[in-house]
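This is a predicted model, so every value here is computed, not measured. Every chain is numbered from 1, with letters handed out A, B, ... down the list of sequences. Atom set for the values below is all heavy atoms of this structure, side chains included, hydrogens, waters and symmetry mates excluded.
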Amino acid sequence: GDSVTQMEGPVTLSEEAFLTINCTYTATGYPSLFWYVQYPGEGLQLLLKATKADDKGSNKGFEATYRKETTSFHLEKGSVQVSDSAVYFCALSSGTSYGKLTFGQGTILTVHP
Amino acid sequence: GAVVSQHPSWVICKSGTSVKIECRSLDFQATTMFWYRQFPKQSLMLMATSNEGSKATYEQGVEKDKFLINHASLTLSTLTVTSAHPEDSSFYICSASLETQYFGPGTRLLVL
């Protein structure tokens, strides 16, 4: 079945540091890939997505590229801010984005001033 | 736009009682809603897919008689945990689909 594996956290960085959160997946066919973010006390929000190989999703300075050859969708940001502190979830959907989602375990990110 | 609410945000109940959790799409209509369960420091696990006007589709291993789902309108789905026990204590999250999934803030259930 489908599965998503994220790097284990928590991740602690200083402000303006470079961020990478690794995500690899196993799926049949050609899934769509997503990164969701959960800020403290709030629901999950879609951060970015990519629907086919080599697509790059980007939002709020975050980027992730759909790599079919390595079955990966790593999240990166060049300079993190304190406000980026949150839990980040990698997810895939074997259908359209409103289909069922399979989530990774989540990575807690804490950014210090 | 695309706001999803859940009520209550947290609930404590005695073992053996039933608890109803509401999920509402506030500014859009959602044919499909999803219910997830999240254990501490773990990922979200899909419990069921709820389609308006039809029976919910449950994931393997989820007891449909224990977790009753009703999706009576395009803006409301409810999850009822029947005869709750301490092992049902968890964080329950719903989402509603409008091109993408929009998530509610979650409901924390503690069964004593």
Side-chain angles (χ1 to χ4, degrees), chain A residues 1-11 21-27 31-51 55 57 59 64 73 75 86-110, chain B residues 1-10 21-52 56-62 71 74 77 91-108:
Chain A
D2 297 343
S3 67
V4 177
T5 302
Q6 285 180 239
M7 65 182 288
E8 291 191 17
V11 175
I21 301 178
N22 290 336
C23 171
T24 57
Y25 67 90
T26 302
S32 294
L33 302 174
F34 307 85
W35 276 100
Y36 282 85
V37 58
Q38 186 176 31
Y39 297 105
E42 299 183 19
L44 274 74
Q45 302 173 25
L46 178 64
L47 180 60
L48 53 84
K49 67 179 181 181
T51 57
D55 268 3
N59 186 26
F73 194 55
L75 182 68
V87 183
Y88 292 81
F89 292 91
C90 185
L92 70 82
S93 173
S94 293
T96 60
S97 61
Y98 45 81
K100 294 194 293 186
L101 288 169
T102 300
F103 284 89
Q105 66 266 44
T107 301
I108 299 173
L109 170 66
T110 303
Chain B
V3 178
V4 176
S5 70
Q6 282 185 240
H7 178 80
S9 56
W10 60 271
I21 302 170
E22 294 185 348
C23 176
R24 293 181 184 271
S25 55
L26 298 183
D27 49 4
F28 66 100
Q29 294 183 329
T31 304
T32 303
M33 291 185 174
F34 299 90
W35 285 96
Y36 296 85
R37 185 173 178 177
Q38 186 179 27
F39 293 98
K41 298 184 179 181
Q42 294 189 30
S43 186
L44 282 76
M45 180 192 76
L46 179 64
M47 298 176 65
T49 302
S50 171
N51 293 296
E52 188 267 338
T57 302
Y58 291 82
E59 295 300 300
Q60 192 172 8
V62 178
H71 193 161
L74 289 172
S77 176
F91 193 54
Y92 294 88
I93 303 172
C94 73
S95 70
S97 286
L98 181 65
E99 297 184 347
T100 188
Q101 285 193 36
Y102 295 92
F103 285 82
T107 296
R108 188 162 302 281

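Note that CG of B:L44 is 9.5 Å distant from CG of A:L101, once rounded to the nearest 0.5 Å. In this structure, A:F103 CZ and B:Q38 CD are separated by 9.0 Å, a value rounded to the nearest 0.5 Å. With rounding to the nearest 0.5 angstrom, the CD atom of A:Q105 is 15.5 Å from the CZ atom of B:F39.
With a 4.5 Å cut-off on non-hydrogen atoms, A:L46 touches chain B through its side chain but not through its backbone.
Most heavy-atom pairs under 4.5 Å with chain B, from the set A:G106, A:A91, A:G104, A:G9: that is A:G104.
B:E59 CD: more than 12 foreign heavy atoms inside a 6.0 Å radius.
Considering only heavy atoms from C-beta on, B:Q101 comes within 4.5 Å of A:Y36 through its side chain.
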